[in-house]
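Please read all numbers here as calculations on a predicted model, not as lab measurements. Each chain gets a letter, A, B and so on, in the order its sequence line appears, and its residues count up from 1.
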Amino acid sequence: MHLYRTHTCNQLRATDAGATVKLSGWIFRMRDHGGILFIDLRDHYGLTQVVVHPSRPFFDTLSKARLETVVTVVGEVTLREPATVNPDIATGEVELVANECLVEAASEQTPLYLPGDEDGAEDLRLKYRFLDLRRGRIHNNILLRSKIISFLRKAMEAHGFNEYQTPILTCSSPEGARDYLVPSRVHHGKFYALPQAPQLFKQLLMVAGFDRYFQIAPCFRDEDARADRSPGEFYQLDMEMSFVTQDDVFAVVEDVVSKTFAAFSKKTVDPTPWIRIPYRESMLKYGSDKPDLRIPIEMFDCSELFKASGFNAFAAAVKAGAVVRALPVKGIKDKPRSFFDKLVEHAKSLGSKGLAYLVWDGDAVKGPIQKFLTPDELATLAQMGGAQDGDVLFFVCDAADKAAKIGGDLRVKLGRDLELINKDVFRFCWIVDFPMFEKDPETGAVIFSHNPFSMPQGGMEALCGKDPLDILAFQYDVVCNGIELSSGAIRNHLPEIMYKAFEIAGYGPEVVEEKFSCLLNAFKYGAPPHGGIAPGVDRMVMLLAGEDNIREVIAFPMNQKAQDLMMNAPSEVTEKQLRELHIKIRGRDLHLATTGDLPIAHQP
RNA sequence: GGGGUGGUGGCGCAAUUGGUUAGCGCACCGGACUGUCGAUCCGGUGGUCGCGGGUUCGAAUCCCGUCCACCCCGCCA
């Protein structure tokens, strides 16, 4: 018989009755009846009830053992009486009557109570992550993550992609987020950087002729956390393809992602092809470039109507360049006054000067601004917003970008507060036609709005002939239920277009050559037209696990301040290590005084 | 860097809004119990109410400061 087990804790069935078997696992729960002891033995696979009779020599030891003690039990698989079958567990028809028992490893009282459904404080869960991970929900999340990643790899390979690895120690990039830096011992004063994404490497793999690349790629960005953004590192299903159009990239992603979502969730997944929403339309209708399509509210512009109206507050603002955006909401005329007042307050907290609204009540239209509008204007608004008896139109008036943002926030808040969000669906869309350039709101200069390496739609002709602010890029996002899953682009693979694009953004050729010499150099030797995308693995798992926080699908996440409370990272290092790396910590004494840590050797 | 919410035995929470000895559930310890499966029953240990000041006859509660955690904004090509 094996030293530890002949079966797992999820294996025994009625057909095994009579067999002598060995199980190993943790004591999950115990029910001590004095004359008989029941133990729920747990391992990765499941639970099995172990029965211990008082005649056994190990009865006292086990009845005093703490929960989470690891034991090995030999016994006979026994059918349970019909009345005592437990239908809630897979092994519930049988139980293991213990004949021998060995305590493999005792447990102290755990700082987290594992059988309960209470979470415990976040920092405690992170400090004792190895215990937290024993709990069913999160244990299954991590297992789900493993299965999803395996599924993604197979799906990508089925599309003819091969997985290639790229460096973790690379160089700092001038674009994008803050880098994590790694000092060089050999090269005084120089640093490696951890890659924010394998962007350059995957493009170079295309130049190298590999045609179809993918990688479950670790990405490192020194940015602050959010509920859907773990600090430090995250994973992308990174991919790049040669000789493709935007539609080719979409076809691969739609197939791989929708199959993955269908395979790992019972929720309804949008059929492919997913709808494509131009960026500007998305900002107008949803006030966001990551719209939650589950919310049945679509904004519309009514600036012109208000400009010509007798509502002077709006009319004057529109004449001064503002816009008016309306949010139509169905059937809420009977909401109490406090509902509307709170929403107005919420709008103000977002920076809006106020929030106007009209209520369609029977044949009448009511609301604070009704008296400023003519019956014709009200009728036009009703038609524009499809307003009928019971419906309400909210109006935000502000500069276009601010109005979009405030309206978008209100749209999501209304969707949540009014419970308009269908929890049983995954709604996907593509956001396409991102602008190539935008105006810096402070300086007024033309700058890249997203990725400077995207191919401008219309190519060189567009760059030379069009107003830069009207040029669109072959750049796209995948959005699912209001969460940005992925961002990608058809790349600019032509040096002359790259020079021209950077020129428009105010950079001379010497800047391009200095900052992006590697890519530029590679493109001088015949680069294939190529493009790609990189869906976020953590976010996909989060959606599929039904979790609202990304830490719940990461085995060992850091906290909001990018600390690993279990490993105590980041940590101080010795003076010797710093000297080897030619590094001197600035303001160290001040730092030590505030943290209360003991000072280590000072520099001479 | 800014805003919000919170911090009370090991864990999750309460304390009637300033008033008796700070309670409850789980865990833990002791006892009872041969069919439970979140076992049950009886008894018990455990708290500087995050920390430091202040107001008051009296502070978990009010004020000021500070630390920590989470959520959001900024940031994330």
Side-chain angles (χ1 to χ4, degrees), chain A residues 28-42 47-55 59 63-64 66-68 78 80-89 91-92 95 97 107-128 131-132 173-179 196-197 199-200 219-232 234 290 346 349-351 405 409 412-413 434 436-438 447-454 473 475 477 484 487-489 491 505 515-516 534 536 548-549 551 559-561 563 565 594-596:
Chain A
F28 185 53
R29 274 187 295 249
M30 238 189 313
R31 294 170 293 281
D32 186 350
H33 288 239
I36 191 165
L37 177 64
F38 298 99
I39 291 173
D40 290 339
L41 195 67
R42 183 200 73 237
L47 287 175
T48 301
Q49 174 162 281
V50 174
V51 183
V52 185
H53 289 291
S55 57
F59 181 87
S63 67
K64 287 188 174 66
R66 285 211 165 90
L67 299 182
E68 295 306 308
T78 310
R80 296 199 198 185
E81 294 292 323
T84 64
V85 164
N86 183 353
D88 296 333
I89 58 175
T91 61
E95 58 198 5
V97 179
S107 173
E108 295 183 8
Q109 182 181 353
T110 53
L112 300 170
Y113 180 58
L114 305 191
D117 45 16
E118 290 152 352
D119 274 350
E122 194 74 34
D123 50 345
L124 210 66
R125 292 182 59 202
L126 292 176
K127 182 174 180 184
Y128 294 98
L131 294 179
D132 195 32
S173 61
E175 294 288 325
R178 274 186 295 272
D179 285 314
Q196 294 182 23
Q199 183 64 36
L200 287 180
C219 304
F220 306 88
R221 294 178 194 173
D222 185 2
E223 290 301 328
D224 290 332
R226 287 289 183 279
D228 64 354
R229 199 167 78 205
S230 187
F234 61 98
K290 43 180 183 175
H346 182 77
S349 76
L350 297 171
K405 193 169 175 165
D409 189 293
V412 172
K413 182 175 171 58
F434 280 85
M436 187 83 192
F437 302 99
E438 64 186 33
I447 56 171
F448 286 114
S449 67
H450 292 89
N451 186 336
F453 304 110
S454 300
Q475 166 128 17
D477 282 1
E484 184 191 318
S487 203
R491 320 296 172 187
K515 301 272 190 189
F516 310 106
D548 290 328
N549 192 298
R551 284 187 299 271
N559 69 3
Q560 193 176 35
K561 288 192 176 164
Q563 296 166 302
L565 298 176
T594 55
T595 61

- Message: Looking at the base of B/rC29, is there any donor atom on it, or on the side chain of A/R66, that sits under 3.5 Å from an acceptor on the other one?
- Response: no

- Checking B/rC75, B/rC11, B/rG35 against the side chain of A/L124 (C-beta onward), the nearest is B/rC11

- Taking atom P in both B/rU48 and B/rU61, what distance in whole Å separates the two? 16 Å

- Message: Could you tell me how far apart A/N451 (CG) and B/rC76 (P) are, to the nearest whole angstrom?
- Response: 13 Å

- Euclidean distance for P, B/rU21 against B/rG25 (whole angstrom): 22 Å

- Residue A/L67, side-chain heavy atoms: nucleotide from B/rG35, B/rA27, B/rC75 that is nearest: B/rA27

- With heavy atoms under 4.0 Å as the rule, sort A/N549 into base, sugar-phosphate or nothing. sugar-phosphate

- Item | Interatomic distance, A/L114 CG vs B/rG12 P [rounded to whole Å] | 14 Å

- Query: B/rC68 P sits how many Å from A/Q563 CD, rounded?
  - Reply: 9 Å

- Query: Checking only heavy atoms, does the side chain of A/R80 share a donor-acceptor pair with the base of B/rU36 at less than 3.5 Å?
  - Reply: yes

- Message: Counting the atoms with a prime plus P, OP1 and OP2 as sugar-phosphate, which does A/K405 contact under 4.0 Å by heavy atoms, base, sugar-phosphate, or nothing?
- Response: sugar-phosphate

- Item | Separation of B/rC76 P from A/Q199 CD (nearest whole Å) | 16 Å

- Item | Side-chain (A/E223) to main-chain (A/R178) donor-acceptor, under 3.5 angstrom | yes

- Item | Atom P, compared across B/rU16 and B/rU56: separation rounded to whole Å | 23 Å

- Message: Mind checking if A/N559 touches a base, just sugar-phosphate, or nothing, with heavy atoms under 4.0 Å?
- Response: sugar-phosphate

- Nearest whole angstrom, please: distance from the C1' of B/rC42 to the CG of A/D32. 15 Å

- Task: Mind listing the closest non-hydrogen atom pair of A/E438 and A/S449 along with its distance?
- Result: OE1-CB, 3.1 Å

- Contact under 4.0 Å: A/R31 side-chain N or O vs B/rU36 OP1/OP2: no

- Query: Is A/F38 stacked on the base of B/rU36, with ring centres under 5.5 Å apart and planes under 30° apart?
  - Reply: yes

- With heavy atoms under 4.0 Å as the rule, sort A/F448 into base, sugar-phosphate or nothing. nothing

- CG/A/N86 to CZ/A/F38 distance, rounded to the nearest 0.5 angstrom? 11.5 Å

- Message: If the cut-off is 4.0 Å, is A/R29 near the phosphate of B/rA39, judged by side-chain N/O to OP1 or OP2?
- Response: yes

- Item | C1'-based separation of B/rG23 from B/rG46 [nearest Å] | 14 Å

- Message: Work out how far the P atom of B/rG31 is from that of B/rG18, and round it to whole angstrom.
- Response: 46 Å

- B/rC13 and B/rG58, which share atom name C1', separated by this distance in whole Å: 26 Å

- Message: On RNA chain B, does the nearest nucleotide to A/R551 precede the nearest nucleotide to A/K64 from the 5' side, or the other way round? Give the residue.
- Response: A/K64

- Message: Nearest whole Å is fine: how far is B/rC70 P from A/D548 CG?
- Response: 16 Å

- Note on the structure: A/P54 and A/F59 have their tightest heavy-atom pair at CA-CD1, 3.4 Å

- Message: I'd like the C1' distance from B/rC67 over to B/rC26, given in whole Å.
- Response: 29 Å

- Query: Does B/rA39 have a Watson-Crick or wobble mate here (both distances under 3.5 Å), and if so which one?
  - Reply: none

- base_contact_polar (B/rC75 base, A/R229 side chain, donor-acceptor, <3.5 Å): yes

- Taking OP1 and OP2 of B/rC70, is either one under 4.0 Å from a side-chain nitrogen or oxygen of A/Q560? yes

- Query: Which part of the nucleic acid, if any, lies within reach of A/I89 when heavy atoms closer than 4.0 Å are counted: base, sugar-phosphate only, or nothing?
  - Reply: nothing

- Assigned glycosidic conformation for B/rU48 [threshold 90° from 0]: anti

- Does B/rG25 pair with anything, Watson-Crick or G-U wobble, both distances under 3.5 Å, and if so, with which nucleotide? B/rC11

- Is there a side-chain polar atom (N or O) of A/R226 under 4.0 Å from OP1 or OP2 of B/rC73? yes

- Note on the structure: B/rU48 -> Watson-Crick or G-U wobble partner, both distances under 3.5 Å, gives none

- Message: When the P atoms of B/rA59 and B/rG52 are compared, how many Å lie between them, rounded to an integer?
- Response: 15 Å

- Task: Using whole Å, report how far CG of A/D40 lies from P of B/rG35.
- Result: 17 Å

- Mark yes or no for a side-chain to base donor-acceptor pair under 3.5 Å between A/E95 and B/rG35, with no hydrogen or angle criteria applied. yes

- For B/rC70, the Watson-Crick or wobble counterpart (both distances under 3.5 Å): B/rG4

- Task: Would you check if A/H33 stacks with the base of B/rA39, given a 5.5 Å centroid limit and a 30° plane limit, both strict?
- Result: yes

- A/Y113 has a side chain; which of B/rC76, B/rC26, B/rC37 sits nearest to it? B/rC26

